[in-house]
Amino acid sequence: MKSEETRFLRENGFFNGRSKTMTKEIIRRELFEHLTSFKFAVLMILALALFLMNGINFVGKYSKSFTEYSKNVEEHRHPDYIVSVYRKPNLLGFCVDGGEDFQPKTLRIELSGVILPGKFGGEEPVLTPPNFEKIDWMLIVKALFSLFAILLTYDAISGEKEQGTLALVCSNSISRFSILFGKYLAALITLLIPFFIGISLGLLTLEGQLGIFSLFSGESFARVFLFIVLSIIFISFFILLGLSVSSLTKRSSISLLLLFFIWVMLLFVIPNLSGIIADSIAETPSEHEFAIREITVFLSDDYDVEKQIKKKGLKPVVAELPSWLPPEATKAMSGQVYQASQEMIDEALKVWDEQGLQFASFYNEYRNAILTKQKLARNIARISPSAVFQFAGEKTTHCGFPRELSFFASAKDYYNEYVQYISDEVGERIIHYPRLPLRPIIVNIEGKEISIQIPFPKFSEKNIPQFSEKKPSIEESLYASLSDIALLFLWNVMVFFIGFIAFIRYDVRA
Amino acid sequence: MLTVIIRKEFLDQLMSAKFAILTILCILLVLITFFTSKMDYERRLAECQKAIQDRNDKKGLPSDIYKVFRKPEILGIFSQGYDRKFGNTLDFGLGDAPLRLVSYMGKDSLQSQSLSGFSSVDFEFLVRIILSLSAIFLAYDVISGEREAGTLRLTLSNSVKRSTLLLGKFLGGLLSLLIPLILIYLLSLLIASFSPLIDFQSAEYSRVGFIFLLSALYLTSFFTLGMFLSTLTKRSKVTLLISLLIWVFLLFIVPNASFEIAQKIKPAPSSEMIEKQVEAAGFSATGKDWIKYERKVNEIERRLNERIYQQIELSRWLSSFSPAVVYSHTTQIFARTDLSSYRRFMKFIYAERDIYDNNLLERFRLPEKERTKREYEYQKQFKESFQVPRESIEESLNNALPDICLLFLFSFLFYFLAYFFFLKHEV
């Protein structure tokens, strides 16, 4: 009798099999409910519209900046005392933009080792309305999908309790873990459907208008794939958050209220506040202090060629007059015209060299101060998983802040290469000229005005090193973003445990 | 009867759990955000004062006596707007075309770009996002909730007009919504008054007063929107969902999308085109020719800037059906942190520069001695009395008037729609 009963129960899906089919049943039911809901339709329309808009906008922007980039590179191949290097437009910008417009597109490398953004040492200002964010895939996932993750799950537990169906579900022989897991999986699948359709639509737009697949290397595909994985982890965090808050509250309207506030905090308040906080607490000299220090270097007596020459008591020599002068003129001018002596030129070069090095170290210090601030701001923002997602996305697709850093680093490497080239190939002595005196300067010694000119090295265009921006390999990018991915994962696990424990202790009676 | 409904509605809202959560969150947020923006303002003000001091002590280059500084706006702590986006200083002297404000380190600065990814969180942000959300949470169930509870029928079976009931619910709900607003408003004024550097004049108080009124008006428009949606739907849950979707659309999608569309409609000229135009201006380093060259370059730059302004204006116009955009623009006007106050600033600088240039051209005709004397006089006058006039409250009010009307219009429209649909509502 007993064995017959057991067999009956087993056949009807009790014991181990029963739980599995129940989970499936829950997933199926939830999925059906989600997919036929009004919110799903809205999500679908919004997601498709935004992905399409992103694609169209990106095509216009990318082709414009690419023509500008290739023209610039073509025009500025010639060797010079100041070289400009250009940033290639980011092909993956549609995926993660990373505030590309605000980062230097051009770096100006001076022989002193000063590297500054902008072709003429200053970038055109980018004026956008406050609170404007570019609509890239990142933003669509970060704002839209997280929002709908909340809207799909806020009433998963508290709503069923209100309706009284939760007690019914729990009265079946199904573990609470399975219920939670079923709801989680159903919400995830529901969100991933518009996500993947949107991505395909976006890629198709890009392919249709730009032929992006032919521009893509295998690595680009891998980077996009990594971004998709990251997005799934991020969306999953918000689903788990919704389930947790839903199992912590008794009424669905309260859980929605709480979730919305958490959403606003994580997406807008924390990331935006971190900039101002870092600006205020970073222990770096203020911008104005740096400006004063720059002028001090500029005006210092140590770097005043005239004063240094006078101090050393160097004298000019009588100039040899050119042979083409008419003899009367030569006669009248002989002994009257002076030119700089070799010692004077050497002294001037020495002074300029020192000043150039001083400038270079000053600018490095300034840049480091800014980087300190920026890194601090990013670390403060890391409290929020949405910022973590943003930073991980920037690292995996190599754009934004990480790219800015590597662009500068590549420019620095290029500078070393360039200097090496000049001293090796051209055989000129390298002088770290400061930024200004490329024109001859006039020094006044004992009432005689002597012009001192920097000898211009002769460049040959052969074998001139070409700039190439170093890009981390996909493994390196992945390795760099590992800590952020781990953090995101940790958030998932943490929120899941909170939700799980809350649900186990949940009073399911309506 | 009206007072009874208002009282009941008001007390109902006050006693609800959502009200408690909202108020606590608002207080917490205003404490965090206001302290940070106050700290930030003080730091920037101190830096600016130091810079002015150093200019007057002649610590910089000889030409630096002609530096103009723009102080951070005191009301930026209420509505940051563009305040941190623009630079702090510009060179006014010969050899420096005053094109735009730059940072203290000049055009070379990396600073202006470095923290640009982070926008601001201020009083305006709290009202625009957090309190509007609260308005929706307080309004979504005023009609559909009562209908679900079955109390709507009971109420209407009394001799209460529907219009009275709606008005009572509106006023009661609005009153309860004003409590967190007044709370964060007073708290922020209190925090501001603790700062030794922040010193409000009476004009500033009236501006802050206007910002408060605007905030109330803005919240009204969202509250009436919620009420309207509540009369439209039968279930409060659906009302909430639709209201939230509309909220997200108006607050986040509309402003971002409209700017991208405006960029497409009115594209700014590429930097290459600008460069070509500048090259065509024909550089010359000598006296009079320099002034001519400078004027040409100025003209090109002004045109470019004008184009960018037009873009932003267009995007604002495209998105002016969103109360959030209108609200943030009007508060910026009253805080003098909007784009037009910046344009005003630059317009004044350009005009002064023209006077200076004409003065200079005249001076070239004078003998050497006279010229230096004039130059010295001008320097002295510049140091003592050069000041960019700021917008008066009347001007700000004038600028903001269309937007204020728009905010009123939103409230009226939504209230009227709510009334219309409530009359037809089946209880």
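Model, not experiment: these values are computed from the prediction.
Heavy atoms closer than 4.5 Å to chain A are found nowhere in B:Ala46, neither backbone nor side chain. The contact between B:Val248 and chain A is made entirely by side chain atoms (from C-beta outward), counting heavy-atom distances below 4.5 Å. Proximity to chain A (any heavy atom under 4.5 Å) is shown, for B:Leu126, by neither the backbone nor the side chain.
Put simply, the side chain of A:Ile276 reaches to within 4.5 Å of the side chain of B:Gln80, judged on heavy atoms. Between A:Ile135 and B:Phe259, every side-chain heavy-atom pair lies at or beyond the 4.5 Å cut-off. Contact check for B:Leu245 versus A:Phe38: side-chain heavy atoms found under the 4.5 Å cut-off. Two residues are said to be in side-chain contact when any heavy atoms from C-beta on lie closer than 4.5 Å; B:Tyr140 and A:Ser253 meet this criterion. By the 4.5 Å heavy-atom criterion applied to side chains, A:Leu139 and B:Asn256 are counted as neighbours. The closest side-chain heavy-atom distance from A:Phe261 to B:Ser134 is below 4.5 Å.
Considering only heavy-atom pairs separated by less than 4.5 Å from chain A, the leading option among B:Asp141, B:Ile130, B:Leu240, B:Thr33 is B:Ile130. Counting heavy-atom pairs closer than 4.5 Å to chain A, the top-ranked of the candidates B:Arg316, B:Lys264, B:Gln311 is B:Lys264. If you tally non-hydrogen atom pairs under 4.5 Å between each of A:Ser280, A:Ala291, A:Gly98, A:Gly99 and chain B, the highest count goes to A:Ser280. Each of A:Phe268, A:Phe401, A:Tyr154, A:Phe290 has some count of heavy-atom pairs under 4.5 Å with chain B, and the biggest count is that of A:Phe268. For the options B:Gln263, B:Gln332, B:Lys59, B:Arg128, heavy-atom pairs under 4.5 Å to chain A are most numerous at B:Arg128. Most heavy-atom pairs under 4.5 Å with chain B, from the set A:Lys134, A:Glu289, A:Lys61: that is A:Lys134. Of the listed residues A:Ile281, A:Ile277, A:Leu256, A:Leu371, the one with more heavy-atom pairs under 4.5 angstrom with chain B than any other is A:Leu256. Of the listed residues (B:Pro255, B:Ser315, B:Ala257, B:Ser16), the one with the most heavy-atom contacts under 4.5 Å to chain A is B:Ala257.
One distance of note links CG of B:Asp54 with NE2 of A:His288; it measures 3.5 Å at 0.5 Å rounding. Atom NZ in B:Lys50 sits 6.5 Å away from atom CD1 in A:Ile292 (nearest 0.5 Å). For the atom pair CD1 (A:Ile254) and NZ (B:Lys18), the distance works out to 7.5 Å, reported to the nearest 0.5 Å. With values rounded to the nearest 0.5 angstrom, A:Leu257 atom CG is found 5.0 Å from B:Ile21 atom CD1. Taking CG of B:Leu244 as the reference point, atom NZ of A:Lys39 lies at 10.5 Å (rounded to 0.5 Å). To the nearest 0.5 Å, atom CE of residue A:Met53 and atom CD1 of residue B:Ile253 are 9.5 Å apart.
Ring geometry for A:Trp263 against B:Phe252 counts as perpendicular: the plane angle is over 60°, on a 0 to 90° scale with 30° as the lower cut.
Within a 6.0 Å radius of NZ in B:Lys71, other residues, nucleotides and ligands contribute 12 heavy atoms or fewer.
Using a cutoff of 4.0 Å between basic side-chain nitrogens and carboxylate oxygens, B:Lys237 and A:Asp155 are scored as salt-bridged.
When atom types are taken as modelled, the side chain of B:Glu260 and the backbone of A:Asn57 share no donor-acceptor pair closer than 3.5 angstrom.
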- Give the C-alpha distance, both sets of side-chain angles, the deciding distance and a yes or no for salt bridge (Lys or Arg N to Asp or Glu O under 4.0 Å) between B:Arg84 and A:Asp279. CA-CA 12 Å; B:Arg84 277 171 68 95; A:Asp279 217 0; 3.0 Å; yes
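The interface of residues 22-31 of chain B with chain A, defined by heavy-atom distances below 4.5 Å, comprises B:Leu22, B:Leu25, B:Leu29.
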